[in-house]
Amino acid sequence: MRTRRLVRSLRHLVWAAYGVLATLVGIGLAHAVAAFGDPATSPVLAVGSAVIDRTPTPMKEWAIRTFGSADKVVLVGSVMLGVLVLSALAGLLARRRPWLGAAGLLVLVALAAGAVLERPEVGALDLLPSLVAAITGPLTLLVLARLHRAATNPSAATDTAPTTEPSATAPTTDPSTTDTTSTKTPTSTSASRRHLLLGVGVATALAAVGGVTGRIVGRLRLRPEDVTLPAATDRAPTLPRGLDDQVDGITPFRTPNGDFYRVDTRLDVPILSADDWTLRIDGDVEREVTLTFDDLLEMDLVERDITLTCVSNSVGGPYVGGARWLGVRLVDVLALAGIANTKADQILSTDVDGMTISTPLEPATDGRDALIVVGMNGRALPREHGFPVRMVIPGLYGFVSATKWLRRLTLTTYAEREAYWTKRGWAKDAPIKTSARIDTPRALSKLDAGDVVVGGVAWAQARGGVTGVQVRIDGGEWFAARLGPEANDSYWRQWFVRWPAEPGSHRIAVRALAGDGSEQSGERAEPYPSGSSGLHELLVTVG
């Protein structure tokens, strides 16, 4: 009895594996096709993006807090796991009704195609990856089902009549009553099994080749485009030497491009060409304007050191970075369309795939260095940070100011148009809150008694910059930290103190003071809906 159950379980496992393998073939080949066009149309990525759009805000914030920059990997992995579980069920259905299993895979592909069709801008070629998956996945399952039946039940795979049971009146030993077509030679059975193994091998190879090809093509296309940027007309002052070499573990004064945080709703990176890119300015303007990349480069370029902060950054979190940006002033771009008489109160910016972000017009045009950016830290924008063009507006959280892969600027009102985040209840006005972070020592560190260096970064954009940082040990009196050099009011500052640490457990807290006389709020608030607040505190043990 136990042997029969084991055999039955193994049979189920084999058929489930056929369903999974067939799906991997479809996904792999579809991913390869998508890599040559728009990576976002890959079935798994399309479904993942649809899941992101439908995920409640609290759950999104939990994912970012829990998984950090790996939240997208976790999401794609979860989608894949769900798809493969359903694929295994389709394989089990194919054990008795191959067409039913194939139909189950078609349903999965239809869901992916539906996710593609939900995108704001869809072309006919965007459905090509789903079509490839719809053909190759079910077809692979039908072929594997046929080869399996031929290998395990030879008579079921032939076109001859089934074996006839001996007549009750005829002697079973009479050769004339024996159905010779029911007999298969061992050689024929072995050939059928070899065919099955060959089929499984070919399917596995197709899935692997498709996935690897998609990955290689995607990486090749993600390489920075060879764009030569002209020098800035208005150059930023030389960035002072920071505390990077003086305080171990402190955040670099300038964040390298490869280390700069990335938080957005995309599971892929759009692959755009500067030659084909255009920016349209429309809405409540005097005239609609369309600019090419070369048009932007011919305008007066300015260079500014600006710190960006994501609204999802929790107190003491990593989603903040400082870089040198090269671009055109936003007001200069808007002036080309004429906004002197506009009744708009927001700039609705749209990216290449129709993602919208609303920026309040007043702070975007109040004289701060709001930029339409083409360069980052002396090079063209990396693709993952918005190539060829993005927005950067100091003093506002990124979800209302930092549109990447920018395509369109529309002057409108909040009453007329709602953007992606405002539809989900996030704040319309989102000034970055004054904050300080402890980089060293790390939370729960075990330290030696004696002189301990405590250091980190602080920012107070649109509030006169950081003019002071204070540290507190175990709830005692606040005392001043030593500040690093200042770049400008829109850039962060490093800080450190030397603390004579004594044995025991200690709680370290920090707060920033702004140039307008205000100090960092100690009131705790979560990122939703207008950014986190509160003091960064951590516990360490001194031996």
4.5 Å side-chain heavy-atom contact, Pro363 and Arg368: yes
Test log, rule salt bridge (Lys or Arg N to Asp or Glu O under 4.0 Å), inputs Arg254 and Asp244: CA-CA 9 Å; Arg254 176 181 291 170; Asp244 308 24; over 6 Å; no
Counterpart residues, side chain to side chain donor-acceptor pair (under 3.5 Å), relative to Thr292 (two or more places apart): Asp295
Side chain Gln346, main chain Arg417, donor-acceptor under 3.5 Å: yes
Counterpart residues, ring-ring contact (aromatic ring centres under 6.0 Å, His included), relative to Phe387 (two or more places apart): none
Euclidean distance, Ser532 OG relative to Asn313 CG, rounded to 0.5 Å: 6.0 Å
Under 3.5 Å: donor-acceptor pair, side chain of Trp405, backbone of Leu272: no
Whether Asp351 side chain and Thr403 backbone form a donor-acceptor pair below 3.5 Å: no
Under 3.5 Å donor-acceptor, Arg287 side chain and Leu336 backbone: yes
Note, Leu361 side chain near Tyr414 side chain (heavy atom, < 4.5 Å): no
Approximate separation, where rounding is to 0.5 Å, of Leu348 CG and Ile357 CD1: 9.5 Å
Intermediate values then yes/no, side chain to side chain contact (heavy atoms under 4.5 Å, CB included), Val289 and Arg280: CA-CA 6 Å; Val289 175; Arg280 180 181 174 186; over 6 Å; no
Those residues that, when tested against Arg390, pass salt bridge (charged side-chain N to carboxylate O under 4.0 Å, His left out) (two or more places apart): none
For Tyr420, ring-ring contact (aromatic ring centres under 6.0 Å, His included) partners two or more places apart: none
Aromatic plane relationship, Phe260 with His385 - under 30° parallel, 30 to 60° tilted, over 60° perpendicular: perpendicular
Whether Thr422 side chain and Glu418 backbone form a donor-acceptor pair below 3.5 Å: no
Test item: Glu362 side-chain N/O and Asp345 main-chain N/O as donor-acceptor pair under 3.5 Å: no
Validation row: Leu371, Leu330 side chains within 4.5 angstrom (heavy atoms): no
Closest contact, heavy atoms only, Ala274 versus Val227: CB-CG2, 4.3 Å
Side chain to side chain donor-acceptor pair (under 3.5 Å): pairs with one or both residues in residues 18-36, sequence neighbours excluded: Tyr18-His148, Thr23-Ser87, His31-Ser42
All side chain to side chain donor-acceptor pair (under 3.5 Å) counterparts of Trp99, not counting sequence neighbours: none
Audit row: Leu75, Thr55, side chain to side chain contact (heavy atoms under 4.5 Å, CB included) steps and yes/no: CA-CA 11 Å; Leu75 174 61; Thr55 300; 5.8 Å; no
Heavy-atom closest contact (Gly531 atom, Val311 atom, distance): N-CG2, 3.5 Å
Listed once per pair and sorted, the salt bridge (charged side-chain N to carboxylate O under 4.0 Å, His left out) pairs that draw on residues 391-407, sequence neighbours left out: Asp264-Lys404
Salt bridge (charged side-chain N to carboxylate O under 4.0 Å, His left out) partners for Asp439, two or more places apart: Arg437
Check: Thr410/Asp282 side-chain N/O donor and acceptor closer than 3.5 Å: yes
Partner set under ring-ring contact (aromatic ring centres under 6.0 Å, His included) for Trp277, not counting sequence neighbours: none
Test item: Leu106 and Leu108 side chains (from C-beta on) under 4.5 Å apart, heavy atoms: no
Value rounded to 0.5 Å, distance of CD1 in Ile281 from OG1 in Thr290: 7.0 Å
Student check: side-chain heavy atoms of Val400 and Lys428 closer than 4.5 Å: no
Pair Asp284, Thr342: side-chain N/O donor-acceptor within cut-off below 3.5 Å: yes
Straight-line distance of Leu92 CG to Leu13 CG, nearest 0.5 Å: 9.0 Å
Nearest non-hydrogen partners of Phe399 and Trp421, listed with the distance: O-CD1, 3.6 Å
Side-chain heavy atoms of Leu296 within contact of Val333, under 4.5 Å: yes
Listed partners of Arg221 passing salt bridge (charged side-chain N to carboxylate O under 4.0 Å, His left out), at least two apart: none
Heavy-atom pair with the smallest gap, counting every atom of Ala419 and Thr356: CA-OG1, 3.4 Å
Stepwise side chain to side chain contact (heavy atoms under 4.5 Å, CB included) check, Leu326 with Val373: CA-CA 6 Å; Leu326 176 69; Val373 168; 5.9 Å; no
For the student: nearest non-hydrogen atoms of Asp305 and Ala236, plus distance: OD2-CB, 4.1 Å
Residue pairs involving residues 230-241 (criterion side chain to side chain donor-acceptor pair (under 3.5 Å); sequence neighbours excluded): Asp234-Arg304, Asp234-Arg329, Arg241-Asp245
Ionic contact status for Glu118 with Arg54, cut-off 4.0 Å: yes
Donor-acceptor contact below 3.5 Å, side chain Tyr397 vs main chain Lys433: yes
Leu243 backbone acceptor or donor facing Gln494 side chain under 3.5 Å: yes
Point-to-point distance, once rounded to the nearest 0.5 Å, from OG1 of Thr41 to CG of Leu117: 11.5 Å
Between CG on residue Asp369 and OG on residue Ser490, distance to nearest 0.5 Å: 6.5 Å
Leu279 and Leu409: CA distance, side-chain angles, deciding distance, side chain to side chain contact (heavy atoms under 4.5 Å, CB included) verdict: CA-CA 8 Å; Leu279 174 64; Leu409 298 173; 4.2 Å; yes
Residue list, side chain to side chain donor-acceptor pair (under 3.5 Å) with Glu298, at least two apart or on another chain: none
Check: Thr255 main-chain N/O paired with Asn377 side-chain donor or acceptor under 3.5 Å: yes
Flag if over 12 foreign heavy atoms under 6.0 Å of CG, Asp248: no
Close side-chain approach of Val320 and Trp459, heavy atoms under 4.5 Å: yes
Side-chain heavy-atom pair Val44, Ile27 within 4.5 angstrom cut-off: yes
Asp38 side-chain N/O to Asp126 backbone N/O, donor-acceptor pair under 3.5 Å: no
Residues Thr412 and Glu416: side-chain donor-acceptor under 3.5 angstrom: yes
